[in-house]
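Please read the structure below before turning to the comments.
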Amino acid sequence: MKKKISLIGAGQIGGTLAHLINLKEIADVVLFDVVEGTAKGKALDISQSNSVDGSNTEIIGTSKYEDIKNSDVVIITAGVPRKPGMTRDDLLGTNLKIIKQVAEGIKKNSPNAFVICITNPLDVMVMALQIYSGLPSNKVVGMAGVLDTSRFRYFLSKELKVPVKNIESIVLGGHGDTMVPMPNHTKVNGKLLREVIQKEKLDKIIDRTRKGGAEIIKFLEKGSAFYAPAAAGVEMAESYIKNLKKTLPCAAYLNGEYGYKGIYAGVPVVVGKNGIEKIIEIELDNVEKNNFDVSIKAVKELFDAAKKIDKDLEK
Ligand code: A3D
């Protein structure tokens with residue numbers, strides 16, 4: 001039987017997700033948006049590319065939650081993106097209300113789905129989504145680390161003139177300026193990164209990775225990145241649907257791992273048919289551990305601000 005992926009939000013990322021899933025024939029797609037015309041228009045447009053691309057998936061646009069019934073995966077991009085000068089945290093109040101509605105729609109119609117949140121501020125939105133929906137924490141996950149790692153690898157590949165596929169790496173922590181690129185867990189052609197790059201150059205790349213989203217917003221002026229975020233979301237959805245058991249950095253619920261309980265944070269996880277099947281604890285040196293702690297502190301502070309906006313988030 002064909003799999004079903006529902007995309008909540010048919011904006012820049014939602015539309016790109018639909019197109020990529022369609023091209024890769026991973027699943028049929030339901031594109032949902034409160035603006036029905038956007039969802040229907042994009043679904044029809046993508047469907048009309050099928051005879052050219054040879055894809056055999058079905059895609060529909062809707063603004064009715066019943067249509068997402070029995071989805072295998074739900075990917076959420078509903079919300080507002082950043083504009084120049086805004087931080088991800090500036091989106092908190094608006095996107096929290098949207099996530100509450102979305103969580104209710106998923107709980108009612110697709111409680112068994114693997115749910116991937118992309119809406120910012122990511123770590124707090126995914127935590128709120130899990131609480132509002134009541135879905136098991138191994139089935140509710142945030143996309144950030146795959147994108148942040150992809151940006152880090154890209155910048156390294158340009159600097160070192162090495163194909164990006166020859167660079168293994170990982171970025172941990174929250175999706176924000178406190179994210180934690182991990183040079184000690186990065187290899188280039190099998191060699192440790194620090195052996196092949198000067199410290200100043202590496203520091204610049206780490207800084208550029210942390211500000212990778214803002215660099216794009218400055219160019220676009222009217223919205224934020226969407227091609228790479230969509231590609232990252234698709235990799236996570238595909239690993240679940242095809243039980244690929246890939247190890248991917250995702251915002252996952254910690255239950256004692258890395259010394260934290262009851263909070264979402266970007267860590268390496270195995271994604272397979274049961275959702276998050278394992279959280280992998282890699283060894284952190286003092287600097288990395290300190291950076292990870294700073295990142296978690298920032299997420300906690302923002303979640304406290306979210307709790308002030310909506311008492312339903314108090315567990
Ligand atoms: P955009 O193109 O504005 O699309 C958002 C869509 O959500 C619009 O079509 C809206 O109509 C729709 N929407 C608004 N409210 C609702 C609702 N209640 N139910 C359903 N749909 C609704 O934004 P985008 O696609 O560029 O970005 C979407 C989100 O992803 C934003 O919050 C971004 O900040 C975030 N984002 C996250 C990352 C990460 O790496 C985590 C990267 C880039 C963007």
Side-chain angles (χ1 to χ4, degrees), residues 6-20 30-43 61-65 67-68 74-84 86-106 109 116-129 132 141-152 171 173-177 179 209-217 219-236 248-252 264-266 299 302:
S6 291
L7 307 173
I8 313 295
Q12 296 282 56
I13 303 179
T16 311
L17 280 166
H19 194 203
L20 286 176
V30 175
L31 193 50
F32 175 102
D33 203 288
V34 279
V35 184
E36 192 181 20
T38 304
K40 284 195 183 305
K42 290 194 181 184
T62 184
S63 58
K64 290 195 210 87
Y65 267 109
D67 291 329
I68 76 160
V74 179
I75 308 180
I76 302 161
T77 60
V80 289
R82 285 190 288 165
K83 303 214 168 59
M86 284 173 92
T87 67
R88 294 177 178 93
D89 301 359
D90 292 335
L91 307 172
L92 183 65
T94 311
N95 286 352
L96 200 57
K97 279 195 206 117
I98 294 174
I99 286 295
K100 195 168 191 177
Q101 283 175 12
V102 172
E104 279 157 17
I106 295 172
N109 295 287
I116 302 169
C117 182
I118 300 186
T119 301
N120 270 322
L122 190 270
D123 304 275
V124 170
M125 288 302 131
V126 69
M127 215 139 79
L129 177 74
Y132 287 143
V141 64
M143 186 295 291
V146 176
L147 170 65
D148 297 332
T149 305
S150 180
R151 285 178 174 157
F152 188 48
V171 175
H175 181 58
D177 298 341
M179 70 178 75
T209 304
R210 289 202 172 117
K211 297 176 182 151
E215 188 179 354
I216 292 172
I217 291 172
F219 282 122
L220 294 179
E221 292 182 4
K222 290 197 189 86
S224 57
F226 52 99
Y227 292 114
V234 169
E235 184 175 34
M236 291 165 66
L248 301 170
C250 300
Y264 270 80
V299 175
L302 195 61

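Start at 1 and go down the list; that is how both ligands and their atoms are numbered.
Each of the following atoms of ligand 1 lies closer than 4.0 Å to a heavy atom of His175: 39 (C), 40 (O), 41 (C). Residue-ligand proximity, Pro229 to ligand 1, at heavy-atom distances under 4.0 Å covers atoms 42 (C), 43 (C). Taking a cut-off of under 4.0 Å to the non-hydrogen atoms of Val35, the atoms of ligand 1 that pass are 11 (O). Residue-ligand proximity, Asn95 to ligand 1, at heavy-atom distances under 4.0 Å covers atoms 32 (O). Under a 4.0 Å criterion applied to the non-hydrogen atoms of Gln101, ligand 1 contributes the atoms 18 (N).
With sequence neighbours excluded, the residues satisfying ring pair (Phe, Tyr, Trp, His ring centres under 6.0 Å) with Phe32 are Tyr65.
For residues 88-98, the set of pairs meeting the salt bridge (charged side-chain N to carboxylate O under 4.0 Å, His left out) definition, not counting sequence neighbours, is empty.
Contact annotation for Ile118 and ligand 1: heavy atoms of both the backbone and the side chain come within less than 4.0 Å of the ligand. Counting heavy atoms under 4.0 Å from ligand 1, residue Val80 touches it through the backbone alone. Heavy atoms of Thr119 found under 4.0 angstrom from ligand 1 belong to the backbone as well as the side chain.
Note: an N/O pair closer than 3.5 Å links Ile13 and ligand 1 by distance alone. Taking only nitrogen or oxygen atoms, main chain and side chain alike, Gln12 reaches within less than 3.5 Å of ligand 1.
Note that the CD1 atom of Ile99 and the CE atom of Met125 stand 6.0 Å from one another [nearest 0.5 Å].
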